[in-house]
Chemist: 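Have a look at this one.
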Amino acid sequence: MELYKQQKIKIYNSLSNQKEDFIPLIEGYVGMYVCGPTVYSNVHLGNVRTFMSFDLVYRYFKHLGYKVRYVRNITDAGHLENDADVGEDRIAKKARLEEIEPMEVVQQYTVDFHNVLRKFNLLPPNIEPTATGHIIEQIEIIKNIIDKGLAYEVNGSVYFDVLKYNEKEHYGILSGRNIEDAIHNTRTLDGQSEKRNPQDFALWKKAQPEHIMRWPSPWSDGFPGWHLECTAMSTKYLGEEFDIHGGGMDLKFPHHECEIAQAKAHNNVSPVKYWMHGNMLILNGKKMAKSTGNFILPEEIITGDNDILSKPFPATIARFFMLQAHYRSILDFSNDALEASEKGYYRLMNAINQLKSIEPSKASTVDVGLWRQGCYDAMNDDFNSPILIAQLFEGVKIINALVDKKETLSSKDLETFKNTFNVFIFDVLGLENVTSVDNSEVLNNVVELLIKMRNEARVNKNWALSDQIRDELSAMGVHLKDGKEGTTFTL
RNA sequence: GGCGUUGUGGCCGAGUGGCUAGGCAGAGCUCUGCAAAAGCUUGUACAGCGGUUCGAAUCCGCUCGACGCCUCCA
């Protein structure tokens, strides 16, 4: 029997603001869409956190035996900057500044994105579609929405008519807003607008002469609005109605709100059953964001090349650190917190390494089934990885007690225990067992110390010791050379 | 200003109306020639003020603070 029939998941649905039983549209299958990055610059650690949160979700579904179709897009058609009416496509702007092709920008940062996620051990999605690869689909959706009277064309651009939509539907259903409030609280209007209403959003934008990314359409040579791509691609690959849509909390409004409105207008059905939003990674008390410069790059964790870091950390430790917080909580990033996680991580891995050598006994003194279900209960409760990790540390205590022969497990229980422990750590949490941190500086110092001790032995004519040091180092691959200027070594 | 989230012991970070989350640090113990490491044990915290309740950190109200969104954003 598949595990998913035994383990029932509850998911916090942003649409209802409460935990709901997860019931897939088709039993045994899960359709999941996650908003991917806009590839106009390097992803920062905050971006990684969000994708990692959904990596956890994906991994757990897979572990339970669900057939998952996980779609995560690449936004390569940029977003508009500043005022939408005069704004410029981000990718196009970057390309113009760097005097390269827009697709070079896209290619460079897409490759970077993939490299980063691989280092943090994120599984690739099943489909990773691009916005520019779905221009035709987007145009078709716009046509349909215009036909239904919920969008209008002005000067070659097309806008979604939010007020009209709101007559029959609720624009703001996801973010808990009322369109009336929004109208009354409009910020200072900047300049003249083509829009009938400030809340309207672009489905298609006419390209200005300086725009280098453009496609033909019935309305103008131009480019699609940002929100539309996700509707086009999720509909195409997951259907008009699918199970889960995820993304960062900051996309809830307006991006996801607009997606709901478009999709409903287009398909006459609410597109998503469970909306999930991952919370922000905070640095210095503020959200990480490229625009403010308050961020840390994933690579900097690994190289230690950032002033706030005391040293480099393996990527998997950063992963462990982030999974120690629930995905819906804001998480504070700091060197101290990372160091604390590092110690806990090694404790966990030491236990795993000891687990291999434990011998079974005739009977069990530990209720393995209860402990195992505790692991599942944690994940079933809205993917609560911190609780799971706490449960795994209970497992660490059990392992230590087994090593000390204070507890025993039958061979069957031991098998279950080992299997569960490994599955949750490596398959579900996606951690990697980094046993030793390769630190060439430490190695250097160690060898220098041995050289010094050997030289003292030579001065004392303690040839037995000095030769022992040289020969044993040599056996380990460290070769000493006595030169006129002193002793050096090679690896 | 509007909408929403949140405020937990030295630090990070879970959580439920009554029963010790967990990690790090600290303390005690075991082990050990000494030390370290490792293991075990230990922490009565929940912004403030009211209210509901037999009982609230957990529900409600107010105050104060923090954060997110309202413009691109994971």
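Just so we're on the same page: letters track the sequence lines, and every chain starts at 1.
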Chemist: What distance, rounded to whole Å, do you find between the two P atoms, one in A47(B) and one in G10(B)?
Modeler: 13 Å
Chemist: Have a look at S291(A) and say if it touches a base, only the backbone sugar-phosphate, or nothing, with a 4.0 Å heavy-atom cut-off.
Modeler: nothing
Chemist: Closest to the K286(A) side chain: G22(B), C67(B), C24(B)?
Modeler: C67(B)
Chemist: Parallel, tilted or perpendicular for Y159(A) and Y152(A), by the 30°/60° rule?
Modeler: tilted
Chemist: Examine F22(A) together with F61(A) and report whether their ring centres are nearer than 6.0 Å.
Modeler: yes
Chemist: Should R177(A) be listed as having a side-chain N or O under 4.0 Å from OP1 or OP2 of C69(B)?
Modeler: no
Chemist: Return no unless some side-chain N or O of N400(A) is found under 4.0 Å from OP1 or OP2 of C40(B).
Modeler: yes
Chemist: Across the strands shown, which category fits D404(A) at heavy-atom distances under 4.0 angstrom: base, sugar-phosphate, nothing?
Modeler: sugar-phosphate
Chemist: Using the C1' atom on both, measure U20(B) against U8(B) and round to a whole Å.
Modeler: 15 Å
Chemist: Is the Lys NZ or Arg CZ of R177(A) less than 6.0 Å from the centre of F253(A)'s six-membered ring, within 45° of the axis?
Modeler: yes
Chemist: Tell me: OH of Y12(A) to C1' of U6(B), nearest whole Å?
Modeler: 12 Å
Chemist: Please determine, for G68(B), whether a Watson-Crick or G-U wobble partner exists with both distances under 3.5 Å, and give it or none.
Modeler: C3(B)
Chemist: When you get a sec, tell me which of C69(B), A14(B), C40(B) is the closest nucleotide to the side chain of S329(A)?
Modeler: A14(B)
Chemist: Would you please indicate if the ring centroids of W371(A) and F417(A) are separated by under 6.0 Å?
Modeler: yes
